[in-house]
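Read through the structure below, which is laid out as structure tokens, and then see the notes.
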Amino acid sequence: MSSFHEEESPQNRLLGHCLRMALAVVVVGIAVVFVLDREERRTAVPAPTVNVLTDRSVSAGKGAPPVSELVLKAGPHGHFLVDATVNGERLRVMVDTGASSIYLTPRDAERIGWPARRLDFSERYDTAAGEVRAAPVTLRSLRIGELELYDLPASVGEQPGSLSLLGMTFLNRFESYEVRGDTLILSW
């Protein structure tokens with residue numbers, strides 16, 4: 001009786017070896033892609049959108065650059081509009097380098113708990129539209145994204161307005177601010 005045992009031909013051995021090598025290359029390639037993808041997600045800055053806070057994770061020290069930036073994109077009319085949470089209420093405001101202070105419209109002030117009847121309109125501002133009266137207030141908190149500032153002096157306008165403004169008393173809280181084309185970068 002003869003046994004049925006065939007020797008593997010050299011061509012079959014070579015083919016098997018090539019298939020094992022190809023499989024090993026594919027497995028290593030997939031592992032490298034997973035490692036790189038995980039590293040990218042851990043260090044990547046969030047995709048830029050309107051009003052995004054980016055953290056460059058730079059260690060602060062003497063002469064060190066600011067550790068964080070708030071990047072705002074201008075809207076279609078060139079204004080820097082942002083959704084802010086003021087004293088817990090969400091407001092749409094405009095960052096305005098031409099305004100001297102933080103200015104709230106009477107409507108926005110009422111939303112955060114300051115009705116006009118409870119305010120003392122003792123301040124005067126010269127604007128392009130003439131002199132306006134305003135009431136001094138202090139914002140307990142102002143939040144934009146991950147940025148939160150506390151105890152900000154502000155004014156509530158006596159006359160209705162379209163938008164509340166974040167002027168120089170807001171901007172001066174930062175290490176720097178810069179306009180580059182349609183982008184405003186606030187650094188601290």
Side-chain angles (χ1 to χ4, degrees), residues 45-58 60 64-188:
V45 171
T49 58
V50 176
N51 309 327
V52 171
L53 176 72
T54 59
D55 185 355
R56 296 184 298 164
S57 299
V58 176
V67 295
S68 295
E69 294 178 336
L70 179 62
V71 180
L72 305 174
K73 290 288 189 184
H77 299 291
H79 299 294
F80 297 103
L81 299 175
V82 62
D83 291 320
T85 303
V86 179
N87 292 0
E89 288 293 325
R90 193 141 176 107
L91 303 177
R92 185 79 165 159
V93 298
M94 181 171 69
V95 179
D96 186 355
T97 59
S100 59
S101 66
I102 298 172
Y103 173 85
L104 298 174
T105 64
R107 183 189 64 208
D108 285 348
E110 188 157 350
R111 284 184 60 200
I112 59 176
W114 292 312
R117 69 183 179 281
R118 291 183 36 213
L119 297 174
D120 177 20
F121 294 94
S122 59
E123 297 178 331
R124 305 277 187 270
Y125 288 97
D126 288 320
T127 71
E131 186 178 272
V132 295
R133 291 178 1 137
V137 294
T138 300
L139 305 181
R140 195 174 58 251
S141 67
L142 181 134
R143 184 182 201 50
I144 302 170
E146 295 300 313
L147 167 69
E148 189 158 11
L149 301 172
Y150 301 95
D151 301 320
L152 295 164
S155 299
V156 176
E158 185 175 37
Q159 299 301 315
S162 57
L163 277 172
S164 292
L165 306 174
L166 299 178
M168 293 308 294
T169 55
F170 168 74
L171 293 170
N172 287 336
R173 294 283 182 119
F174 296 94
E175 178 76 23
S176 67
Y177 63 91
E178 178 183 2
V179 177
R180 289 188 205 153
D182 68 344
T183 303
L184 173 63
I185 303 165
L186 307 172
S187 303
W188 68 96

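Nothing here was measured: the structure is a model prediction, and the numbers come from that model.
Nearest heavy atom pair, residue F121 against residue A135, reads CD2-N, 3.5 Å. In this structure, L165 and A99 approach most closely via the heavy-atom pair CD1-CB, 4.1 Å. The two residues G161 and P106 come nearest to each other via the heavy atoms N-CD, 4.2 Å. A pairwise comparison of heavy atoms in S187 and E69 identifies OG-CG, 3.6 Å as the closest pair. Across all their heavy atoms, R173 and P153 have their closest contact at NH2-CD, 4.0 Å.
For the pair D126 (side chain) and E131 (backbone), a donor-acceptor distance under 3.5 Å is absent. A donor-acceptor pair under 3.5 Å links the side-chain atoms of R118 to the main chain of G113, judged by distance alone. Side-chain N or O atoms of T127 include one that pairs as donor or acceptor with a backbone N or O of G130 at under 3.5 Å. With hydrogens and angles ignored, the 3.5 Å screen pairs a side-chain donor or acceptor of N87 with a backbone N or O of R140. Distance alone, capped at 3.5 Å, places no donor-acceptor pair between the T105 side chain and the S162 backbone.
A 4.5 Å side-chain heavy-atom check between L104 and W114 finds at least one atom pair inside the cut-off. Between D83 and R90, the closest side-chain pair of non-hydrogen atoms falls below 4.5 Å. Inter-residue side-chain proximity for L142 and L166 is flagged as met; some heavy-atom pair is nearer than 4.5 Å. Side chains of L139 and F170 form no contact here, defined as non-hydrogen atoms less than 4.5 Å apart. You'll find the side chain of W188 reaches within 4.5 Å of the side chain of L70, heavy atoms only. T97 has its side chain out of reach of F80: every pair of non-hydrogen atoms, C-beta onward, lies at least 4.5 Å apart. Residues T169 and L152 have side chains not in contact (no heavy-atom distance under 4.5 Å, counting atoms from C-beta outward). Within the 4.5 Å cutoff, side-chain heavy atoms of L163 are placed close to those of L81.
Annotation: the span from I102 atom CD1 to T138 atom OG1 amounts to 10.0 Å, rounded to 0.5 Å. Distance check: E175 CD to L186 CG gives 12.5 Å after rounding to the nearest 0.5 Å. The OG atom of S164 lies 6.0 Å from the CG atom of L91; values are rounded to the nearest 0.5 Å. Note that CE of M94 and CZ of R92 are 11.0 Å apart. Values are rounded to the nearest 0.5 Å. Atom OG of S101 sits about 7.0 Å away from atom CD of E123, to the nearest 0.5 Å.
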query: What do the steps show when you test Q159 against V132 for side-chain contact (heavy atoms from CB on, under 4.5 Å), and what is the final call?
result: CA-CA 8 Å; Q159 299 301 315; V132 295; 5.6 Å; no

### Pair M168-Y177, side-chain contact (heavy atoms from CB on, under 4.5 Å): steps then yes or no
CA-CA 11 Å; M168 293 308 294; Y177 63 91; 3.2 Å; yes

- Could you please spell out the steps behind the side-chain contact (heavy atoms from CB on, under 4.5 Å) verdict for R133 and R124? CA-CA 5 Å; R133 291 178 1 137; R124 305 277 187 270; 3.1 Å; yes

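A donor and an acceptor atom, one from each side chain of Y125 and S155, are located under 3.5 Å apart.
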